[in-house]
Amino acid sequence: MRAAWYRRFAAAPATVLVAVLVAGCSDSGGEGGRGEPALGPVAVNPATVSISLPMDAYTDSEAEAIRMGRVQESLVSQCMARYGFTYEGVSSSESAAGGVSADRHAYLFGLADPAYAEAHGYDKTAGQGRPAKPQAPKLSGGAYTVMHGEQPGKERAPDALNEEDAAKLDSGIEVGGQKVPAGGCGREGYRKLYAPTKDSVDLLFSFGLAGEAHDRSKADSRVVEALHRWSACMDKSGYSGIKSPYEVIEKLGLESDLGGPKAVTAAKADVACKREVNLVGIWAAVEKAYQERLVEEHAETLALYKKQREARFRLAASLS
């Protein structure tokens, strides 16, 4: 069945090709009986920066994540200051190396940029340097207790999932005559930003849905077929036995030199094969369809999540 479908696929003109992909699979066995979702337009070898997916509206970009990290550190610093401690945090230097990428889907389907492959192979940090991971400030005994809400050598004090509950919870710890918040200032900073109320939606909810959509897309017959053709192309290019773009580096033993000549040659073949079979275009369309399905299924929770996310941005603006 799949071989026959592929022969029709390979021989079809572009307009028919899109129609075949859009129709998808009518089998009702998967996806809770709903079958594989129909697709919208299938772009031909799109630049990943141009890909827009439904869950993008609910997940932070790299720049937004860094900004929120700084806001959280600011809230922690404010809490520590109540007890007379100065805390500067570690997030301010996290983006110092080469700026922030605006392409949130650059590696969603593996390396896809032919110019980058030719210049840098699989080295994602090319031109950015390799800064040492920032070290958390060393804390004195009292500062440690305030930060973590626990006393060294003693049983961990109770914590709370949200700030509403934390306000009612006695940590049983005092520093300088003041009660330490449940979980310490580290947890208070997190709760004020991401879980201020009992109905706060888990920060990872949207990421979980995006991950679920991606897992479903990998099992979709249209992606499976495209991956099969990509793998066959890689085999013809001298890289046999590679079934997925995610395993190229490991299968070829490139971990120690991601930007070396061997990696560059493999990366060029990898991207060329993706473009030959339009892997990124097909996979992005399938991914979008599964995300749309999940957005529909979780519309109420996502609406609340989006409202709370907007409140976080307002808090960030008030602290800047």
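Keep in mind that the numbers below use all heavy atoms, side chains included, and drop hydrogens, waters and symmetry copies.
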Are Leu304 and Leu161 connected in the hydrophobic side-chain network, where two residues link if heavy atoms are under 4.5 Å apart?
-> no
Thinking salt bridges, do Arg67 and Glu62 make one under a 4.0 Å N-O criterion?
-> no
Can you list, pair by pair, the side-chain donor-acceptor contacts under 3.5 Å of residues 39-50, counting residues two or more places apart and other chains?
residue : atom : partner : partner atom : Å
Asn45   : ND2  : Arg275  : O            : 3.1
Thr48   : OG1  : Asp103  : OD2          : 2.5
Ser50   : OG   : Ala47   : O            : 2.6

For Ser217 and Val286, indicate whether the former's side chain and the latter's backbone hold a donor-acceptor pair under 3.5 Å.
-> no
With sequence neighbours excluded, give me every salt bridge (charged side-chain N to carboxylate O under 4.0 Å, His left out) pair touching residues 140-154.
-> Glu150-Arg156
Kindly check if the number of other-residue, nucleotide or ligand heavy atoms within 6.0 Å of CG (Leu315) is above 12?
-> yes
Under 3.5 Å: donor-acceptor pair, side chain of Gln308, backbone of Thr197 = no
Within a strict 4.5 Å, meaning less than it, do heavy atoms of the Tyr239 and Ser231 side chains meet?
-> no
Main-chain N/O of Ala57 paired to Lys306 side chain as donor or acceptor, under 3.5 Å = no
Could you tell me which non-hydrogen atom of Pro196 sits nearest to which non-hydrogen atom of Lys192, and how far apart they are?
-> CB-O, 4.0 Å
Backbone N/O of Lys243 and side chain of Glu247: donor-acceptor pair under 3.5 Å = yes
Taking atom CD of Glu297 and atom CG of Leu302, what is their separation to the nearest 0.5 Å?
-> 10.5 Å
Shortest non-hydrogen contact from Tyr190 to Leu203?
-> OH-CB, 3.8 Å
Under the side-chain contact (heavy atoms from CB on, under 4.5 Å) test, residues paired with Pro158 that sit two or more places apart = Leu169
How close do Glu292 and Pro54 get, heavy atom to heavy atom, and via which atoms?
-> CG-CG, 3.6 Å
Measure from the side-chain N and O atoms of Arg187 to the backbone N and O of Ala182, and report whether any donor-acceptor pair falls under 3.5 Å.
-> no
Are Leu254 and Tyr246 joined in one hydrophobic group, where the rule is that I, L, V, M, F, W and Y side chains link up if heavy atoms are under 4.5 Å apart?
-> yes
Between the side chain of Ser237 and the main-chain N/O of Cys233, is any donor-acceptor distance below 3.5 Å?
-> yes
Asp235 and Ser240: which non-hydrogen atoms are nearest, and at how many Å?
-> OD1-CB, 2.8 Å
Give the cluster check for Leu319 versus Leu193: same hydrophobic cluster or not, with ILVMFWY residues linked at side-chain heavy-atom distances below 4.5 Å.
-> yes
Keeping the roles fixed (side chain from Gln78, backbone from Leu75), state whether a donor-acceptor pair exists under 3.5 Å.
-> no
By side-chain hydrogen bond (donor to acceptor under 3.5 Å, both in side chains), Gln291 pairs with (sequence neighbours left out) none
Sequence neighbours left out, what passes side-chain hydrogen bond (donor to acceptor under 3.5 Å, both in side chains) with Thr59? Give chain and number order.
-> Arg104
Non-hydrogen side-chain atoms of Arg309 and Tyr58 separated by less than 4.5 Å | no
Glu276/Lys236 under salt bridge (Lys or Arg N to Asp or Glu O under 4.0 Å): CA gap, chis, key distance, verdict | CA-CA 12 Å; Glu276 181 175 311; Lys236 291 178 182 177; 5.9 Å; no
Using modelled atom types only, decide if a donor and an acceptor are shared between the side chain of Arg229 and the backbone of Leu279 within a distance under 3.5 Å.
-> no
Classify the side-chain pair Glu36/Ser221 by whether it contains a donor and acceptor separated by less than 3.5 Å.
-> yes
Salt bridge (Lys or Arg N to Asp or Glu O under 4.0 Å) between Glu212 and Arg216, worked out | CA-CA 6 Å; Glu212 182 178 345; Arg216 293 184 185 184; 2.4 Å; yes
So with a 6.0 Å cut-off around CD of Glu255, is the heavy-atom count from everything else above 12?
-> yes
Which distance, rounded to the nearest 0.5 Å, do you find between the CD of Glu174 and the NZ of Lys179?
-> 4.5 Å
Of all heavy-atom pairs linking Ala316 and Met68, the shortest is CB-CE, 3.5 Å
Same cluster or not: are Phe313 and Met55 linked, directly or through other Ile, Leu, Val, Met, Phe, Trp or Tyr residues, by side-chain heavy atoms under 4.5 angstrom apart?
-> yes
Student check: side-chain heavy atoms of Asp215 and Tyr290 closer than 4.5 Å = no
Residue pair Asp165, Lys198: steps toward the salt bridge (Lys or Arg N to Asp or Glu O under 4.0 Å) verdict = CA-CA 7 Å; Asp165 287 341; Lys198 290 182 179 181; 3.7 Å; yes
In Å and rounded to the nearest 0.5 Å, what is the CD1 to CZ distance from Ile282 to Phe109?
-> 11.0 Å
With no hydrogens and no angle check, is any side-chain donor or acceptor of Ser77 less than 3.5 Å from a backbone partner on Tyr87?
-> yes
Quick one: is the NZ or CZ of Arg312 closer than 6.0 Å to the six-membered ring centre of Tyr305, and within 45° of its axis?
-> yes
Rounded to the nearest 0.5 angstrom, the SG-CE distance for Cys185 and Met147 is 6.5 Å
Donor-acceptor under 3.5 Å (Tyr116 side chain, Asp123 main chain) = yes
Is the number of heavy atoms from other residues, nucleotides or ligands under 6.0 Å of Glu118 CD greater than 12?
-> no
Close side-chain approach of Asp159 to Arg191, heavy-atom, < 4.5 Å | yes
In Å, rounded to the nearest 0.5 Å, how long is the span from CG of Leu53 to NE2 of His214?
-> 10.5 Å
Value for CH2 (Trp283) from CG (Asp220), rounded to nearest 0.5 Å, stands at 10.5 Å
Minimum heavy-atom distance between Gly149 and Ile173, given as atom pair plus value | O-CD1, 3.3 Å
Mind checking whether Arg293 and Glu296 have side chains closer than 4.5 Å, heavy atoms only?
-> no
Under a 4.5 Å cut-off applied to non-hydrogen side-chain atoms, are Val146 and Met80 in contact?
-> yes
Distance-only donor-acceptor pairs under 3.5 Å for side chains of residues 263-273, two or more places apart:
residue : atom : partner : partner atom : Å
Thr265  : OG1  : Pro261  : O            : 3.0
Asp270  : OD1  : Trp230  : NE1          : 3.2
Asp270  : OD1  : Lys274  : NZ           : 2.5
Asp270  : OD2  : Tyr122  : OH           : 2.9
Asp270  : OD2  : Lys274  : NZ           : 3.1

Between Arg82 and Glu188, is there a side-chain N and carboxylate O pair less than 4.0 Å apart?
-> yes
